[in-house]
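Have a look at the structure below, then the notes.
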There are 2 protein chains.
Amino acid sequence: MTALDITSEDATLETAPTRYIEGRGIRFAYRRLGPSTGTPLVLLQHFSGNIDAWDPAVVNALAADRPVIAFNNAGVGRSSGQTPDNVAAMARDAVAFINALGFSEVDLLGFSLGGCIAQQIAAEHGRLVRKLILVGTAPKGGEEHLLAVLQEAFSQTDAPDPRLPLFFTKSSASQSSGLAFLKRTQVRKDDRDTDNGSAVTDPQAKALLTWCATPDPEHAMLRAIRQPTLVVSGSHDTMLPANNAYAMFKELSNAQLVLYPDSGHGALFQHNEIFVSHVRTFLNA
Amino acid sequence: MTALDITSEDATLETAPTRYIEGRGIRFAYRRLGPSTGTPLVLLQHFSGNIDAWDPAVVNALAADRPVIAFNNAGVGRSSGQTPDNVAAMARDAVAFINALGFSEVDLLGFSLGGCIAQQIAAEHGRLVRKLILVGTAPKGGEEHLLAVLQEAFSQTDAPDPRLPLFFTKSSASQSSGLAFLKRTQVRKDDRDTDNGSAVTDPQAKALLTWCATPDPEHAMLRAIRQPTLVVSGSHDTMLPANNAYAMFKELSNAQLVLYPDSGHGALFQHNEIFVSHVRTFLNA
């Protein structure tokens, strides 16, 4: 444990320094929050997102009683390297990052594309992953409406941020919690993460589309996952519908399913307090 | 508030005296636990069950921070009257009981047949019901395999209690939690509830079968429910499958869905600690 580790206990996503560590030739940018002991919870981010796209309300609350690590995978934000165009390579890079930090056992929380990566890691590295949380994601061969929904969202030129139509439903309650979410992500002013545009989003989109276009009729990927898993989705996720979550729940050997009302892809941010409570109950059980 | 109300704060399901109150000409047997203030949580029991069939691990934990009322509907246990053969009449009787206690607003937790009754009450009495918890139940017109499963369970003459095959899966983990559940229900020795046999189970079975055999293609019943609802099911409920829970979640306007792994109809007893945590999170939100 270093002096830095100790000072990190009081840090928040908004105040923690961005750190760097090298693995597989990649210099990974990350922030570390929470206590220095306990099973670390590693966060795997969605398509196009970087560290600053996580909701401080979720990350800080989870870090109240466990180490939480937010990082950028290869090529994303201020991490070096190239963003691969497939989930398997993204999983390999994420494992290199986890190994570089010296962790022998972690919990994973994967959101959207990050949930695909989390499935791949859990299936391939049974000992490395203790518990798995899959949010707003799809199984291999799952249902996706990414391009149609992205196109519609980016055509809404009056939306202050594409995440309002992409992550939240059209109800006023959902939209207003979306605005509150965006505000929370904008509190940090200095040392913010970078947006690397199509150098990230092109290969990430290919990875996610390929994942969903690759049939897995025997559910080999899900059946290789033996870890306790919490599957979470919003009721009206337009990109990766809740049917994916129900299908994953049914095929996983040890899964709990939680679905939230009047919510889209960003259900975990909209229902952040309840989501944190559910994650805690799951991880502490 | 009476002296009895105050002493009930320390009572448990196993130690609380059985009380009686009259409404609609029926003398209802009930037990009251928990603090005297707060929105009372009224429990609606499953087919063939009485007050002593509730799991003390669930009821006592829920009563730690809210009033909890377990009761027998008309004709069940030591409640007087005839058990009706339809859900609407059972709902009418349950409302008479709630009114007799003088409650103007309650939360309802309905399990199995009790979940059908809870839906009917919530749909018809918008102001009486604040929040709704539906466990191991079905919507009107829902999927049921009651007779086949009951027949199989009662043919297993080696099972010490039909609830082991009916409420738990065949896995050793589920069966052993089933044995622990049965043991918890047997702690109370005196002032135990009665089992009135077919005078209860015949009309109750008819009510449940009729409920599921009555089509509700437009989901009028579910759409009349405006209260926040928590829908819960076990992954392998053989009598009222988890598909019912997913279908209810999709049609209800404000529902949260929670499904548990490796569990049957008695998922709430098998996963009692997690279930209590989820109920608390839901009721306190």
Side-chain angles (χ1 to χ4, degrees), chain A residues 57 61 131-135 169-174 177 222-223 225-237 241-263 267-268 270-285, chain B residues 61 65 131-135 169-174 177 222-223 225-237 241-263 267-268 270-285:
Chain A
K131 294 191 178 186
L132 186 63
I133 302 159
L134 303 176
V135 186
T169 74
K170 289 176 178 170
S171 79
S172 61
S174 187
S177 76
L222 294 174
R223 292 191 179 172
I225 297 173
R226 312 302 303 175
Q227 293 90 340
T229 304
L230 174 64
V231 183
V232 176
S233 174
S235 58
H236 294 82
D237 189 322
N243 284 342
N244 286 311
Y246 189 50
M248 286 191 284
F249 167 78
K250 288 199 281 192
E251 299 303 333
L252 287 161
S253 63
N254 185 3
Q256 208 180 97
L257 177 70
V258 175
L259 304 182
Y260 296 116
D262 181 27
S263 48
L268 75 171
Q270 178 172 339
H271 295 283
N272 60 80
E273 286 184 26
I274 294 178
F275 173 71
V276 167
S277 167
H278 287 156
V279 169
R280 250 193 218 140
T281 297
F282 169 71
L283 292 178
N284 293 343
Chain B
D65 53 3
K131 294 191 177 187
L132 187 62
I133 302 159
L134 303 175
V135 187
T169 74
K170 290 176 178 171
S171 79
S172 60
S174 188
S177 76
L222 294 173
R223 292 189 180 173
I225 296 173
R226 311 304 301 175
Q227 294 90 344
T229 304
L230 173 65
V231 183
V232 176
S233 173
S235 58
H236 294 81
D237 188 320
N243 284 343
N244 286 312
Y246 189 49
M248 287 190 284
F249 167 77
K250 288 198 279 191
E251 298 303 334
L252 286 161
S253 63
N254 185 2
Q256 210 180 96
L257 177 69
V258 175
L259 304 182
Y260 296 116
D262 181 27
S263 49
L268 75 172
Q270 177 173 339
H271 295 283
N272 60 80
E273 286 185 25
I274 294 177
F275 173 72
V276 167
S277 166
H278 288 157
V279 169
R280 250 195 218 138
T281 297
F282 169 71
L283 291 179
N284 293 343

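Remember, predicted model here, so these are calculated numbers, not experimental data. Just so you know, these numbers use all the heavy atoms, side chains as well, and skip hydrogens, waters and symmetry mates. Quick note on labels: first sequence line is chain A, next is B, and so on, each numbered from 1.
- Contact count against chain A (heavy-atom pairs under 4.5 Å) is highest for B:L259 among B:L259, B:D262, B:V258.
- With a 4.5 Å cut-off on non-hydrogen atoms, A:N254 touches chain B through its backbone and its side chain both.
- In plain terms, the two heavy atoms of A:F249 and B:S235 that are nearest each other are CZ-CB, 3.6 Å.
- Only the side chain of B:S277 has a heavy atom closer than 4.5 Å to any heavy atom of chain A.
- By the 30° and 60° cut-offs, the orientation of the rings of B:H278 relative to A:H278 is perpendicular.
- For A:Y260, the parts lying under 4.5 angstrom from a heavy atom of chain B are both the backbone and the side chain.
- With a 4.5 Å cut-off on non-hydrogen atoms, A:E273 does not touch chain B at all.
- Only the backbone of A:A255 comes within contact range of chain B, with at least one heavy atom under 4.5 Å from a heavy atom of that chain.
- Side-chain contact between B:K250 and A:N243: present, with at least one pair of heavy atoms (C-beta onward) separated by less than 4.5 Å.
- Within 6.0 Å of CZ on A:R223 lie more than 12 heavy atoms contributed by other residues, nucleotides or ligands.
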